> 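Take this structure first; my questions come after.
Reminder, nothing fancy here: chain letters follow the sequence lines and each chain counts from 1. Here the structure is a predicted model, which means the values were calculated and not measured.
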Amino acid sequence: MPELPEVETVRRDLDARVVGRRVVTAVVTGKRTVRRQTAAELCGALEGRTVSEVRRRGKYLFAPLDDGAALVVHLRMSGQLQLVPARPGGRAMAPHTHAVLYLDDGSELRFVDPRTFGELFVTRDLRPGGLPEALCSLGVDPLTDEFDAAVLGRLLGSARTTVKSFLLDQRRIAGIGNLYADEICFRAGILPVRRTETLQAREIRAISEALTSVLDAAVQARGSTLGDARYRDLAGNHGSYQEHHCVYGRAGEPCRCCGTTIIRSRVAGRSAHYCPTCQS
DNA sequence: AGACAAGCCTGTACGC
DNA sequence: TGCGTACAGGCTTGTC
């Protein structure tokens with residue numbers, strides 16, 4: 001399940017390898033992959049265009065093009081981008097390949113998505129800073145300098161919900177999914193069910209610190225690859241942050257800090273993993 | 001066979 | 001009334 005660290009890993013690789021490349025041909029075969037426009041419109045908007053840069057907001061990737069439009073990609077649960085180098089005879093398409101951008105150096109950028117929740121679209125509707133209008137409802141991105149403990153404090157101060165729901169709300173902070181929400185709560189020593197109204201100043205600082213340190217470490221490790229919807233980077237390699245998970249996917253196992261059995265319960269309709277001793 | 005996992009959107013219901 | 005929040009349903013498919 002790609003969340004911020006996984007999407008950022010893909011963004012960095014795309015930025016290094018696809019910027020300056022021109023799309024020669026675009027082919028969409030998935031029926032659900034392009035929803036906000038027709039596949040022909042998307043392909044027409046991409047063909048002949050050069051990728052200027054690759055940016056990210058929360059879990060969304062967007063690539064401004066040389067004509068002022070931007071390609072937007074969301075991987076949702078099972079989406080994956082593959083960059084397949086030019087090779088005589090080509091390389092077989094993975095099952096569930098729904099779109100392919102053929103680039104001017106012979107490489108192919110492929111969108112693979114078994115559960116078909118992911119989507120691509122091209123938009124010309126951009127804010128002055130270049131952010132697509134469609135992404136403007138997203139909250140602050142925690143890897144930017146727009147985010148710090150003071151900003152988090154203000155956001156938490158106006159919320160009346162659980163810490164888990166707060167962290168998952170993309171309109172407040174963009175990029176955190178179920179996995180990193182649980183890891184951040186553990187690192188901060190806060191239970192996922194804690195009400196935001198009850199947080200002390202020192203706990204808000206702890207959440208801020210945990211948020212930054214967990215996401216930074218996960219980006220360093222090139223994301224988490226778990227058994228289910230296995231995340232892969234552009235080249236097909238997996239991340240390694242799962243080796244550092246303290247709670248997510250560890251229900252029934254001993255806490256790495258105190259040995260207490262990690263609990264799994266439901267919070268805000270989602271699975272939540274926590275240590276009942278280390279978190280309060 | 002059927003439940004479940006995930007992210008996000010939509011619609012509806014609720015409390016203050 | 002209106003705002004913020006809660007919750008359920010829909011979308012999908014591989015895995016247990």
> Return the value, rounded to whole Å, for the distance between atom CD1 of A:Ile173 and atom P of B:dC8.
14 Å
> Is the shortest side-chain N/O distance from A:His96 to OP1 or OP2 of C:dT13 below 4.0 Å?
no
> Taking CD from A:Gln170 and P from B:dT10, how many angstroms apart are they, rounded to a whole number?
15 Å
> Donor-acceptor pairs are to be reported for all side-chain atoms of residues 39-54 of chain A against protein atoms at under 3.5 Å, with residues two or more places apart or in another chain.
| unit_1 | atom_1 | unit_2 | atom_2 | d |
| --- | --- | --- | --- | --- |
| A:Glu41 | OE1 | A:Thr38 | N | 2.9 |
| A:Glu47 | OE2 | A:Ala26 | N | 3.0 |
| A:Arg49 | NE | A:Asp66 | OD1 | 2.7 |

> Of the candidate nucleotides B:dC4, B:dC9, C:dT12, which contains the atom at the shortest distance from the side chain of A:Tyr60?
B:dC9
> For A:Asp15, is there an ion pair with A:Arg55 - N to carboxylate O distance below 4.0 angstrom?
no
> Just to confirm, is there a sub-4.0 Å distance from OP1 or OP2 of B:dC4 to any side-chain nitrogen or oxygen of A:Arg264?
no
> Could you go through residues 121-130 of chain A and list every donor-acceptor pair under 3.5 Å that involves a side-chain atom there, pairing it with any protein atom two or more places apart or in another chain?
| unit_1 | atom_1 | unit_2 | atom_2 | d |
| --- | --- | --- | --- | --- |
| A:Thr123 | OG1 | A:Asp125 | N | 2.9 |
| A:Arg124 | NH1 | A:Asp67 | O | 3.4 |
| A:Arg124 | NH2 | A:Asp67 | OD2 | 2.7 |
| A:Arg127 | NE | A:Glu133 | OE1 | 3.1 |
| A:Arg127 | NE | A:Glu133 | OE2 | 3.1 |
| A:Arg127 | NH2 | A:Glu133 | OE2 | 2.8 |

> Identify which nucleotide among B:dA5, B:dC8, C:dT12 has an atom closest to any side-chain atom of A:Arg32, counting heavy atoms from C-beta outward.
C:dT12
> Which pairs of donor and acceptor atoms, one on a side chain in residues 234-242 of chain A, lie under 3.5 Å apart (sequence neighbours left out)?
| unit_1 | atom_1 | unit_2 | atom_2 | d |
| --- | --- | --- | --- | --- |
| A:Ser240 | OG | A:Ala221 | O | 3.3 |
| A:Gln242 | OE1 | A:Thr225 | N | 2.9 |
| A:Gln242 | NE2 | A:Gly239 | O | 2.9 |

> Measure the distance from CZ on A:Phe121 to P on B:dC9 and round it to the nearest whole Å.
10 Å
> Quickly work out the A:Asp113 CG to C:dG14 C1' distance and round it to whole Å.
13 Å
> For A:Arg35 and B:dC9, what is the distance between atoms CZ and P respectively, to the nearest whole Å?
10 Å
> With distance as the sole criterion, is a donor-acceptor pair present between the side chains of A:Tyr60 and A:Gln170 under 3.5 Å?
no
> Write down the protein N/O and nucleotide N/O pairs, taken from nucleotides 5-10 of chain C, whose separation is under 3.5 Å; answer none if there are no such pairs.
| unit_1 | atom_1 | unit_2 | atom_2 | d |
| --- | --- | --- | --- | --- |
| C:dT5 | OP1 | A:Arg160 | N | 2.9 |
| C:dT5 | OP1 | A:Arg172 | NH2 | 2.7 |
| C:dT5 | OP2 | A:Arg172 | NH2 | 2.7 |
| C:dT5 | O3' | A:Arg160 | O | 3.3 |
| C:dA6 | OP1 | A:Thr161 | OG1 | 3.2 |
| C:dA6 | OP1 | A:Arg195 | NH1 | 3.3 |
| C:dA6 | OP2 | A:Thr161 | OG1 | 2.6 |

> Of all residues at least two apart in sequence or in a different chain, which pass the side chain to side chain contact (heavy atoms under 4.5 Å, CB included) check with A:Arg222?
A:Thr9, A:Asp13, A:Asp233
> Rounding to a whole Å, what distance do you find between A:Leu168:CG and B:dA5:C1'?
14 Å
> Calculate the interatomic distance between A:Lys31 atom NZ and C:dC11 atom C1'; express it in whole Å.
16 Å
> Stacking between C:dC11 and A:Phe117, yes or no? Criterion: centroid separation under 5.5 angstrom, plane angle under 30 degrees.
yes
> Taking CD from A:Glu3 and P from B:dC8, how many angstroms apart are they, rounded to a whole number?
9 Å
> Regarding A:Tyr248, tell me which of base, sugar-phosphate or nothing describes its non-hydrogen contacts under 4.0 Å with the strands shown.
sugar-phosphate
> Listed by chain and number, what are the side-chain hydrogen bond (donor to acceptor under 3.5 Å, both in side chains) partners of A:Arg32, not counting sequence neighbours?
A:Thr116
